[in-house]
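Working notes, beginning with the structure itself.
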Amino acid sequence: MSDSYFPVGPGLGMEENFLSLDDILMSQEKLPGRAESALPRLAVLLGQGAGSAESVPEGSKLEIPLWLAKGLHDSKRRIISVELPKIYKEAWRTVFSADANVVDLHKMGPYYYGFGSQLLNFENPENPEIAQTILQATGGGSVLPVSDSVCFLQTFIARFRRIMDSSQNAYNEDTSALVARLDELERALFQVGQKGLNDFQCWEKGQASQITASSLVQNYGKRKLTEVDG
């Protein structure tokens with residue numbers, strides 16, 4: 001009998017985990033951009049023509065899937081240029097700074113945190129501001145270098161307490177309205193909170209023999225052991 005399938009979590013920072021369904025779906029999200037040179041045989045893929053041999057003319061405006069934008073991006077050859085989606089621009093960063101809880105992240109982009117981290121792969125003068133909004137180091141609060149892993153998410157921290165409060169105060173209730181405005185990472189966190197609450201309620205009622213460690217804690221322990229062995 002085969003082992004049960006365990007979902008693979010998304011990658012951290014600028015690198016995707018290609019075994020993660022979340023990262024595969026995130027890589028399909030599109031970026032606005034421009035063809036800095038002619039792109040042969042990519043017209044159909046980019047929705048610019050009907051024939052498989054057609055090229056995308058230089059200067060064309062594009063909507064490029066993240067996975068393709070990363071493949072074509074080359075700072076030396078200038079094949080394409082990539083623009084920021086509006087939710088990562090200054091106007092929205094100001095909204096997040098004022099009150100991150102008012103934003104419907106799922107409507108604006110279901111992979112806000114992961115997709116924003118991927119934007120740091122592209123040369124953009126606003127990258128430091130994007131990093132300040134999304135990535136923050138533990139402790140002193142300085143911005144992490146782009147090459148480092150994600151430790152804390154500044155916007156995420158601002159929304160974290162409300163997410164956990166909601167997950168712990170919605171026992172046996174319809175939670176669809178509570179999660180509707182959350183990004184996929186936040187939804188996963190909400191589900192973890194709900195499972196912990198349900199497990200505790202079962203134990204309190206004598207319906208479980210013991211309280212077991214959270215799968216997040218177990219996975220973290222396994223990761224630390226792997227790092228020590230490596």
- Looking only at heavy atoms, which two atoms of G193 and S167 are closest? And how far apart? CA-OG, 3.7 Å
- Query: Any donor-acceptor pair under 3.5 Å linking the side chain of E58 with the backbone of A38?
  - Reply: no
- So CZ of F190 and CD1 of I163: to nearest 0.5 Å the spacing works out to 9.0 Å
- Roughly how far, to the nearest 0.5 Å, is NZ of K89 from CD1 of I87? 12.5 Å
- Beyond-backbone contact of Y111 with D23, side-chain heavy atoms, under 4.5 angstrom: no
- Query: Are there more than 12 heavy atoms of other residues, nucleotides or ligands under 6.0 Å from atom NZ of K30?
  - Reply: no
- Query: Given side chains that start at C-beta, do those of L84 and L119 come closer than 4.5 Å, heavy atoms only?
  - Reply: yes
- Message: With heavy-atom distances below 4.5 Å as the criterion, would you say the side chains of S55 and R41 are in contact?
- Response: no
- Message: Using 0.5 Å steps for rounding, measure from the OG atom of S27 to the CD atom of Q118.
- Response: 9.0 Å
- Side-chain donor or acceptor of D199 paired with backbone N/O of G196 under 3.5 Å: no
- Task: For side chain to side chain contact (heavy atoms under 4.5 Å, CB included), just list the numbers for I80 and L68, CA-CA rounded to whole Å, side-chain angles, deciding distance to a tenth of an Å, and then say yes or no.
- Result: CA-CA 10 Å; I80 61 167; L68 182 59; over 6 Å; no
- Task: Please report the C-alpha distance between Q194 and T175 in whole Å, then the side-chain angles of each, then the deciding distance to 0.1 Å, and finally whether the side chain to side chain contact (heavy atoms under 4.5 Å, CB included) criterion is met.
- Result: CA-CA 10 Å; Q194 282 270 281; T175 61; 3.6 Å; yes
- Task: Not counting sequence neighbours, which residues clear side chain to side chain donor-acceptor pair (under 3.5 Å) with T94? List them please.
- Result: none
Using distance only, find each side-chain donor-acceptor pair of residues 180-187 under 3.5 Å and give its atom names and separation, not counting sequence neighbours.
unit_1	atom_1	unit_2	atom_2	d
R181	NH2	V102	O	2.4
D183	OD1	L185	N	2.8
D183	OD1	E186	N	3.0
D183	OD2	Y112	N	3.0
E184	OE2	H106	NE2	2.9
E186	OE1	R159	NE	3.4
E186	OE1	R159	NH2	2.9
E186	OE1	D183	N	3.1
E186	OE2	Y113	OH	2.5
E186	OE2	R159	NE	2.6
R187	NE	V179	O	3.0
R187	NE	L182	O	3.3
R187	NH1	H106	NE2	3.4
R187	NH2	V179	O	3.3
R187	NH2	A180	O	3.4

- Indicate yes or no: does E36 engage R78 in a salt bridge with an N to O separation below 4.0 Å. yes
- Item | Closest approach of Y88 to G116 (non-hydrogen atoms, all atoms of both residues) | OH-N, 3.2 Å
- Between the CG atom in L105 and the CE atom in M108, the distance rounded to the nearest 0.5 Å is 9.0 Å
- Between L31 and A69, the two heavy atoms sitting closest are CD1-CB, 4.1 Å
- Find the distance between CG (L62) and OG (S81) and round it off to the nearest 0.5 Å. 8.5 Å
- Item | Minimum heavy-atom distance H73-F122, with the two atoms named | CG-CD2, 3.6 Å
- Query: Can you tell me if E29 uses its side chain to pair, donor with acceptor, with the backbone of L66 under 3.5 Å?
  - Reply: no
- Message: Tell me if the CZ atom of R34 is crowded by more than 12 foreign heavy atoms within 6.0 Å.
- Response: yes
- Task: Count the heavy atoms belonging to other residues, nucleotides or ligands that lie under 6.0 Å from CD of Q168, then report whether that count exceeds 12.
- Result: yes
